[in-house]
2 protein chains.
Amino acid sequence: MAPAYKLTYFNVTALGEPTRFLFSYGGIDFEDVRITTEQWPQIKPNMPFGQVPLLEHGGKAAHQSMAIARYAAKQVKLVGKDDWEDLEIDAAVDTVNDLRQKLAVYHYENDEKIKQEKGEVVFKEQLPYYLERLNAQAEKNGGHLACNRLTWADMYLAAILPYLNFMAKKDILADAPALKKVCDQVYQLPNIKKWLEKRPKTEF
Amino acid sequence: MAPAYKLTYFNVTALGEPTRFLFSYGGIDFEDVRITTEQWPQIKPNMPFGQVPLLEHGGKAAHQSMAIARYAAKQVKLVGKDDWEDLEIDAAVDTVNDLRQKLAVYHYENDEKIKQEKGEVVFKEQLPYYLERLNAQAEKNGGHLACNRLTWADMYLAAILPYLNFMAKKDILADAPALKKVCDQVYQLPNIKKWLEKRPKTEF
């Protein structure tokens with residue numbers, strides 16, 4: 001039988017990987033469709049708002065990576081016990097995503113001079129500011145980003161970390177031991193270990 | 001008795017207004033704290049990740065505007081009937097937020113020459129692309145952004161529209177009648193009408 005879910009994204013980790021981690025964690029089978037650079041121009045016009053990842057299920061389709069990951073988190077029960085816990089988890093995820101966007105503004109800049117200027121701000125101000133606070137948050141939450149236990153916020157960070165490191169061209173968690181522990185705990189989960197062995201090897 | 005919720009933000013609509021709309025819609029009383037530009041340097045270091053809005057409730061505090069709005073939406077029952085509906089609503093909200101970020105990249109650019117270049121991309125490509133698709137989505141959903149009924153996605157767009165128009169320096173929905181209707185329906189809700197009359201008058 002075909003899997004009940006189909007996730008379409010590029011052949012990289014990045015914005016598709018949190019959902020791949022979450023489905024894998026919960027043992028939910030999904031069709032892992034990976035678009036090549038050559039295929040993309042034909043596929044893009046058919047995607048809602050020209051974007052992937054796209055999640056298909058039961059004849060329906062939805063885009064937006066964070067929304068898809070939140071949906072997957074509900075299916076595998078890595079969400080909050082009440083609305084306030086969900087708020088804390090969502091806030092942690094959005095903060096990791098803010099960090100990603102700051103790195104992206106630097107990484108995807110084409111003008112070398114402007115890129116250097118942006119790098120000054122990102123690496124001397126923004127990254128240290130965010131990582132210090134996120135690391136303290138992980139210490140306060142017993143080695144997790146929220147709610148003192150494993151939630152999809154941990155999975156989100158662990159799944160997207162290689163992409164963040166790729167954009168930064170370094171290990172951004174070198175001075176954030178509590179965050180490193182958050183990620184390592186995720187990588188050690190049996191179903192995630194299996195996924196890491198099974199997934200296609202990609203540049204990031 | 002003091003309200004159970006305290007929302008701290010600047011004295012503008014922008015990222016605080018969706019939550020103000022949602023609480024007002026549901027008749028949930030909240031302390032509407034508005035920071036002045038003079039107060040902000042003293043307050044900023046005490047905010048998580050230096051940001052507002054901040055929502056306080058029952059001795060707890062949380063940041064991140066979208067996460068707070070989603071929490072408020074749950075309290076006033078403007079969320080989905082199931083996880084997939086929530087995904088559709090979240091995706092619509094995130095898409096409106098993408099549009100906001102594209103406008104912000106233009107609006108907050110200080111270099112006049114670069115701002116003009118960014119304006120070309122925003123006003124000739126990105127805005128028309130997003131608005132055409134969001135307008136079609138509203139037509140398909142019976143005058144709503146998702147689920148064929150009023151959800152917090154509609155509230156989010158209606159609440160943030162004046163900020164989008166302020167950044168664009170024009171009525172961005174002039175050629176998007178279905179989206180205009182989405183917003184007008186929200187503004188006509190009795191509790192929102194009351195809020196619009198009661199809220200402080202601000203530049204945006």
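Just so you know, these numbers use all the heavy atoms, side chains as well, and skip hydrogens, waters and symmetry mates. Each chain gets a letter, A, B and so on, in the order the sequences are listed, and its residues count up from 1.
Ring-plane geometry between A/Phe30 and A/Trp195 is classed as tilted, the angle between the planes lying from 30 to 60 degrees on a 0 to 90 degree scale. Ring geometry for A/His57 against A/Tyr71 counts as tilted: the plane angle lies between 30° and 60°, on a 0 to 90° scale. The aromatic rings of A/Tyr156 and A/Trp152 lie perpendicular to each other, with more than 60° between the two planes, well past the 30° mark.
A pairwise comparison of heavy atoms in B/Arg20 and B/Leu7 identifies CG-CD2, 3.7 Å as the closest pair.
Between B/Lys180 and B/Asp171, at least one side-chain N (NZ, or NE/NH1/NH2) sits under 4.0 Å from a carboxylate O, which counts as a salt bridge.
Of the listed residues (B/Asp98, B/Ile68, B/Leu87, B/Ile89), the greatest number of heavy-atom pairs within a distance under 4.5 Å of chain A belongs to B/Leu87. Residue with the most contacts toward chain B among A/Met66, A/Gln75, A/Gln51, A/Lys60: A/Lys60 (heavy-atom pairs, distance under 4.5 Å). Residue with the most contacts toward chain A among B/His63, B/Arg70, B/Lys74: B/Arg70 (heavy-atom pairs, distance under 4.5 Å).
At a 4.5 Å heavy-atom cutoff, the contact between B/Leu55 and chain A is made by backbone and side-chain atoms alike. Only the backbone of A/Ala61 comes within contact range of chain B, with heavy atoms under 4.5 Å apart. For B/Phe49, the parts sitting under 4.5 Å from any heavy atom of chain A are the backbone and the side chain alike.
Relative to the ring axis of A/Phe166, A/Lys169 places its NZ or CZ within 45° and under 6.0 Å from the centre.
A/Asp86 places a side-chain N or O within 3.5 Å of a backbone atom of A/Gly80 that can act as its donor or acceptor partner.
Identified by a heavy-atom distance below 4.5 Å to chain B, the contributing residues of residues 122-137 of chain A are A/Tyr129, A/Tyr130, A/Arg133, A/Leu134, A/Gln137, in residue-number order.
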**Message:** Checking A/Trp40 against A/Phe10 for the ring pair (Phe, Tyr, Trp, His ring centres under 6.0 Å) test, could you report, in this order, the C-alpha distance in whole Å, the side-chain angles of both residues, the deciding distance, and whether it holds?
**Reply:** CA-CA 9 Å; A/Trp40 181 233; A/Phe10 302 112; 4.9 Å; yes

**Request:** Mind running salt bridge (Lys or Arg N to Asp or Glu O under 4.0 Å) on A/Glu85 and A/Arg149 for me, showing each step along the way?
**Result:** CA-CA 11 Å; A/Glu85 279 202 356; A/Arg149 65 172 193 281; 2.7 Å; yes

